[in-house]
There are 2 protein chains.
Amino acid sequence: MAEPIHAYAIKSAGGAFERFDYDPGPLGDDRVEVAVKYCGICHSDYSMARNVWGFTHYPLVAGHEVVGVVTQVGSAVKSLKPGQTVGLGWYSGSCLGCGQCMAGDHNLCQSVEPTIIGRHGGFADRVRCQAAWAVPLPDGVDQAKAGPLFCGGITVFNPLVQFDVRPTDRVGVIGIGGLGHLALQFLRAWGCEVAAFTSSDSKREEAMKLGAHHVINSRDDAQLAAARSSFDLILNTVDASMNWQLYIDCLAPRGRLHTVGAVGEPVSLAAFPMIGGQKSFSGSPLGSPATTAKMLAFAARHKIAPVVEMFPMAKINEAFAHFEAGKARYRIVLANE
Amino acid sequence: MAEPIHAYAIKSAGGAFERFDYDPGPLGDDRVEVAVKYCGICHSDYSMARNVWGFTHYPLVAGHEVVGVVTQVGSAVKSLKPGQTVGLGWYSGSCLGCGQCMAGDHNLCQSVEPTIIGRHGGFADRVRCQAAWAVPLPDGVDQAKAGPLFCGGITVFNPLVQFDVRPTDRVGVIGIGGLGHLALQFLRAWGCEVAAFTSSDSKREEAMKLGAHHVINSRDDAQLAAARSSFDLILNTVDASMNWQLYIDCLAPRGRLHTVGAVGEPVSLAAFPMIGGQKSFSGSPLGSPATTAKMLAFAARHKIAPVVEMFPMAKINEAFAHFEAGKARYRIVLANE
């Protein structure tokens with residue numbers, strides 16, 4: 001029997017985190033085990049903990065923004081060695097053999113394995129994943145802050161690569177939270193003209209510090225009207241429904257409204273403005289391991305890091321309450337002793 | 001006073017075409033006058049004639065798939081000479097000075113001028129347009145059949161250029177009518193694997209002749225289920241609402257559902273499948289003059305032509321009734337004597 005993993009689990013949709021030990025079984029030949037040093041709290045941990053999406057199985061060990069040290073590698077693993085510092089995000093495995101995996105799009109593999117669905121995640125002392133999905137941290141990235149890059153960060157970085165965003169583009173970001181505050185930093189470093197759409201005037205100054213050239217109050221019709229036909233890309237990072245048509249109208253010809261926010265209700269779009277302006281609406285998931293490695297190198301070069309609040313892992317319930325109260329600025333990271 | 005233009009106009013939403021003469025006034029310095037030899041009947045002529053979109057002004061001289069001979073050029077026109085054979089489509093002018101026009105995207109100019117909105121079109125002996133929008137016919141294009149290329153043709157050709165469709169792509173076309181029958185031909189010549197989605201089994205054989213490798217009955221759930229996750233692009237050419245989600249599900253990862261059909265009702269899309277599969281929904285209008293010229297050269301090289309039924313211009317009401325009865329296979333062209 002393997003050494004038990006000491007984790008924190010939620011046992012029902014309304015429950016708190018409790019100590020939970022489980023036997024991880026033998027280490028798969030393509031797997032690695034990682035001693036968790038840090039793990040961020042992501043909005044998807046909340047959605048899973050509270051069964052917002054309706055498919056949570058309890059007990060749930062959430063946590064999928066892990067930074068840690070490889071402790072064991074499976075018999076077939078050649079890419080990693082014990083002692084290496086790696087990160088792990090929303091995805092922890094893929095088939096490695098399908099057309100998507102073979103083309104480098106492991107994140108689009110039809111049997112991609114999410115870290116906290118049907119298996120246990122990073123709110124624990126150790127976590128396992130496929131070696132391909134444990135991405136080494138380059139020099140220049142602060143380990144304590146890096147966890148959120150592996151989910152929130154790669155989620156907003158991935159579309160810049162996938163949709164060929166250009167440094168000459170005018171780009172807007174909806175929502176200045178865990179994802180949005182990273183998007184502003186990436187886009188500023190990408191060379192773009194950057195606007196932040198936020199309903200909170202209190203975030204104006206911080207948005208400018210994070211990289212926005214302009215801040216548009218998304219509840220102010222006059223400000224939205226002034227932004228008509230001007231954006232090449234609007235990146236939505238929130239998962240609430242909104243007046244999508246307003247943002248379509250803010251797109252320049254050829255513009256794209258792109259969501260990484262997992263909005264529950266269908267998105268309704270009039271066809272005429274899409275046709276007349278050659279506009280697109282799209283979505284994307286987290287990035288592949290290769291894109292994640294690109295992001296880490298870009299973040300290191302441009303000194304981009306999540307803005308985090310640190311809590312000890314043992315205070316996970318306190319940290320989660322802080323998150324649920326909407327007070328996280330902008331990401332919470334739990335640290336193991 | 002200029003020589004009156006002898007046209008056919010509709011004077012009310014329920015009306016028939018009647019002879020209608022109008023004075024075109026002095027020829028603008030950037031304009032040309034074209035003697036209409038042929039003019040196709042497009043679905044948009046029907047939408048305008050019957051006021052489906054609610055903004056028709058009567059009397060309406062419809063017709064925007066023109067092939068004819070330049071008879072006069074404005075004082076500033078250097079690109080065309082009387083005697084040249086040209087085509088004219090849905091757009092007849094643009095500002096030529098904005099960022100879109102200067103970038104070659106005249107079709108995305110915010111003040112682009114549609115041929116039959118607020119001005120008179122091609123169901124006439126003559127029609128006028130800006131010289132930039134009268135595109136010369138290359139050798140190898142059959143004049144009698146070419147009219148529909150300037151609206152239906154460029155509408156389905158334009159997205160192949162704009163969205164970088166690759167010869168290795170698997171592409172589906174929804175609707176095998178005036179636009180769809182041209183899309184099948186273009187896509188086959190483009191090198192793609194081509195499927196036709198049609199609700200009409202009677203069009204199966206013709207769709208194969210026009211270029212489809214496969215025909216999928218869009219009312220057969222089993223056939224649609226078998227097509228899941230397989231298309232890089234699905235091009236919708238019809239303007240009726242449909243179960244969009246079914247077609248999103250037929251897209252491979254990174255796939256695009258693109259509409260050129262001017263669907264009236266909003267298009268409703270679940271965000272989750274768009275995000276997980278990195279999928280896009282988009283639209284586009286007709287192409288620029290430069291893309292139209294590319295299309296004509298491509299059509300000439302690949303011997304692509306609309307399948308048309310010819311009627312004399314004087315029998316416009318008979319032709320229109322044939323169209324309204326849904327009997328056109330696949331495009332009607334009116335010929336002046």
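Residue numbers start from 1 in every chain, and the chains themselves are labelled A, B, ... in the order their sequence lines are given, proteins ahead of strands.
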(request) Start with the C-alpha distance between B:Q162 and A:R254, add both sets of side-chain angles, then the distance that settles side-chain hydrogen bond (donor to acceptor under 3.5 Å, both in side chains), and finish with yes or no. (result) CA-CA 9 Å; B:Q162 298 303 322; A:R254 293 174 177 278; 2.9 Å; yes

(message) Restricting to non-hydrogen atoms, name the atom on A:A262 and the atom on B:I275 that form the minimum distance, rounded to 0.1 Å.
(response) CA-CD1, 3.7 Å

(message) Within a 6.0 Å radius of atom CD on B:Q223, are there more than 12 heavy atoms belonging to other residues, nucleotides or ligands?
(response) yes

(request) Under 4.5 Å heavy-atom distance to chain A, tell me which part of B:W53 shows up: side chain, backbone, both or neither. (result) side chain

(request) Evaluate whether atom CD of A:Q245 has more than 12 neighbouring non-hydrogen atoms of other residues, nucleotides or ligands under 6.0 angstrom away. (result) yes

(request) Measure the CD-OG distance between B:Q278 and A:S282 for me, rounded to the nearest 0.5 Å. (result) 8.0 Å

(request) Over all heavy atoms of both residues, which pair between A:G276 and B:P285 is shortest? Give the atoms and the distance, please. (result) O-CG, 3.7 Å

(message) Which atoms of B:Q110 are under 4.5 Å from chain A, going by heavy atoms: the side chain, the backbone, both sets, or neither?
(response) side chain

(message) Report which part of A:D239 has an atom under 4.5 Å of a heavy atom belonging to chain B: side chain, backbone, both, or neither.
(response) neither

(request) Find the one option among A:F163, A:W244, A:F281 whose heavy-atom pairs under 4.5 Å with chain B are most numerous. (result) A:F281

(message) Only pairs of heavy atoms separated by less than 4.5 Å count here; which of B:T259, B:D105, B:N107, B:V260 has the most with chain A?
(response) B:D105

(request) Against chain B, label A:V263 side chain, backbone, both or neither, depending on which of its atoms sit under 4.5 Å from a heavy atom there. (result) both

(message) Return the CG to CG distance between A:D164 and B:D164, rounded to the nearest 0.5 Å.
(response) 10.0 Å

(request) Starting at NZ of A:K279, measure out to OG of B:S284 and round the result to the nearest 0.5 Å. (result) 13.5 Å

